[in-house]
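Only one structure is covered here, and it is reproduced in the block below.
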Number of protein chains: 2
Amino acid sequence: MNTETSISTEEAILMAARKVFELKGFDGARMQEISDRARINRALLHYYFRTKEKMFERIFDEALERFMPLLSTWDQDLEECWEWKLKRFIITFITFLKTNSMLFLLREIIRKPELLVSKTEKHRKKLNKFVLYFDRLKQERLIRSDVDSRYIYVIIHSLCSFPLMNGIVFSYSLRISPKEYDELMTGYPEIISDLLIQLLKYQKN
Amino acid sequence: MNTETSISTEEAILMAARKVFELKGFDGARMQEISDRARINRALLHYYFRTKEKMFERIFDEALERFMPLLSTWDQDLEECWEWKLKRFIITFITFLKTNSMLFLLREIIRKPELLVSKTEKHRKKLNKFVLYFDRLKQERLIRSDVDSRYIYVIIHSLCSFPLMNGIVFSYSLRISPKEYDELMTGYPEIISDLLIQLLKYQKN
DNA sequence: TTACTTTTTAACAGAATTGTTAAAATACTA
DNA sequence: TAGTATTTTAACAATTCTGTTAAAAAGTAA
């Protein structure tokens, strides 16, 4: 087997598959559409990935493996102040989400909840780092202590994730083009970083 | 035709269809599963709704028709202070979203973007009420003027919508059961109302 | 050129799904 | 009870999609 051509073909297939699965979901995706996008034929598709199921699993796993590490950064660079940490997280996360569809993951998890449990067991332990970190910030009186850290978690993630996955709807609701919406959103990470910092900062009185 | 039994059967079908479409999406939904849920047989399903397509259209339209009115409440009760207005919106919206899947709409719109345009034309005009209202609040120096009203729109909607549609993932990430997450979320509308009010309130200095 | 690998072509089997139909069974109403 | 409307049963046609196969074609490297 010539590894080089195989890999580029395999990569073409994976890129195409990812795109189609993200757009249409597992049930709506068609092997034909994937092979069209990869500019190969359907026989070759099955030659590289035996079944649609296996191909999906690969795409889904890779998506999760890209995603999970982002969630366990809260115990790194502990000397960094929380404002910077937060800001950096938000910018990194939003940048990441521009090329990684959260909706894809969510849709498939809702279709088949086992996907979440089976594929993330090894990351499970790391998931409480956020809450630990923010509870600590409260103890140290660096941030306000009257908001449950789990709410803070939900708030930050909602503010990062939803504007991107709901882009079509938001741009329609705001009566601007998707392009204009994208442009509007370039300033968004800065804005919410600053707002969240204002909001969370410990209030002296 | 005996209208009463028909309506109850039709309603059973619609309820079942809605549930299945919300869970599986159009492509993943099976007529068999819908008729099972409605406790009737597949022949009767087609007797009431000729095709899957037509049934879906009905479900989707109804979902949009429930949804859209919520977005055009910003020019009602103008004597009410903006804090109350905001709080009322948030509570109403979140309550609504508990029984109306935003993910369903989003998934189908992404699958087939025409759905959004074709089905909401008549509501399109009303969609700028939010921005108009908040721009006015800024003029009157009731809220801070350094945040684009469109960002405020995105922020409020993200904070309302995402925690519910991402419930499975959040409860997993926070390592609590879905039930515990629901309980946690009962306090959520109050919290974000208050936080948003703090954040938006006009700052004297 | 030769040997080998990759890719295409074209055909097909099998399964799942949608939608239809006719006749029988059941439920309802006058 | 008789007549009407609703629902079930069971079978079927048509289509779409997945996955397989064998042989041919094209590409690559020695």
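Labels below follow one simple rule: chain letters A, B, ... track the order of the sequence lines, proteins then strands, and each chain is numbered from 1. Heavy-atom basis, side chains included; hydrogens, waters and symmetry copies ignored.
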- Query: NA contact type, B:Ala29, heavy-atom cut-off 4.0 Å: base, sugar-phosphate, or nothing?
  - Reply: sugar-phosphate

- Query: OP1 or OP2 of C:dT7 less than 4.0 angstrom from a side-chain nitrogen or oxygen of A:Tyr48, does that happen here?
  - Reply: yes

- Taking all atoms of both residues into account, what is the closest heavy-atom pair of A:Pro163 and A:Tyr181, and its distance? O-OH, 2.8 Å

- Message: Go through it in stages, so that I can follow the logic: the residues are A:Phe134 and A:Trp74, the test is ring pair (Phe, Tyr, Trp, His ring centres under 6.0 Å), and I'd like the CA-CA distance, side-chain angles, deciding distance and then a yes or no.
- Response: CA-CA 9 Å; A:Phe134 275 78; A:Trp74 295 100; 5.5 Å; yes

- Item | Rounded interatomic separation in angstrom, taking CE from B:Met31 and P from D:dA14 | 20 Å

- Message: For C:dG19 and B:His46 - does any side-chain N or O of the residue sit under 4.0 Å from the phosphate oxygens OP1/OP2?
- Response: yes

- When you check the phosphate oxygens OP1 and OP2 of C:dT6, does a side-chain N or O of A:Tyr47 lie under 4.0 Å from one of them? yes

- Item | A:Lys54 atom NZ: more than 12 heavy-atom contacts under 6.0 Å | no

- Respond yes when some side-chain nitrogen or oxygen of A:Thr9 is under 4.0 Å from OP1 or OP2 of C:dT6, and no when none is. no

- Query: Can you tell me how far P of D:dG19 sits from NZ of A:Lys52, to the nearest Å?
  - Reply: 8 Å

- Task: Could you pick out which residue, A:Gln32 or A:Ala43, lies toward the 5' side of DNA chain D when each is mapped onto its nearest nucleotide?
- Result: A:Gln32

- Message: In this structure, how many angstroms lie between the P atom of C:dT20 and the CG atom of B:Leu45, rounded?
- Response: 12 Å

- Where does the angle between the aromatic ring planes of A:Phe67 and A:Phe96 fall among parallel (under 30°), tilted (30 to 60°) and perpendicular (over 60°)? tilted

- Starting from C1' on C:dT18, measure out to CG on B:Asn41 and report it in whole angstrom. 15 Å

- Item | Under-3.5 Å donor-acceptor pair between A:Arg42 side chain and D:dG19 base | yes

- Could you state the atom-to-atom distance from CD of B:Glu33 to P of C:dT17 in whole Å? 10 Å

- Note on the structure: In whole angstroms, the gap separating P of D:dT21 from CG of A:Leu44 amounts to 16 Å

- Message: Using whole Å, what does the distance between atom C1' of nucleotide C:dT5 and atom CD of A:Glu10 come to?
- Response: 16 Å

- Message: Can you tell me which nucleotide in C:dG19, D:dG19, D:dT8 comes closest to the side chain of B:Ile40?
- Response: D:dT8

- Task: Test A:Lys119 against every option in A:Glu65, A:Glu57, A:Glu114 by the salt bridge (charged side-chain N to carboxylate O under 4.0 Å, His left out) rule and name the one that passes.
- Result: A:Glu57

- Measure the distance from CG on A:Asp36 to P on C:dT8 and round it to the nearest whole Å. 11 Å

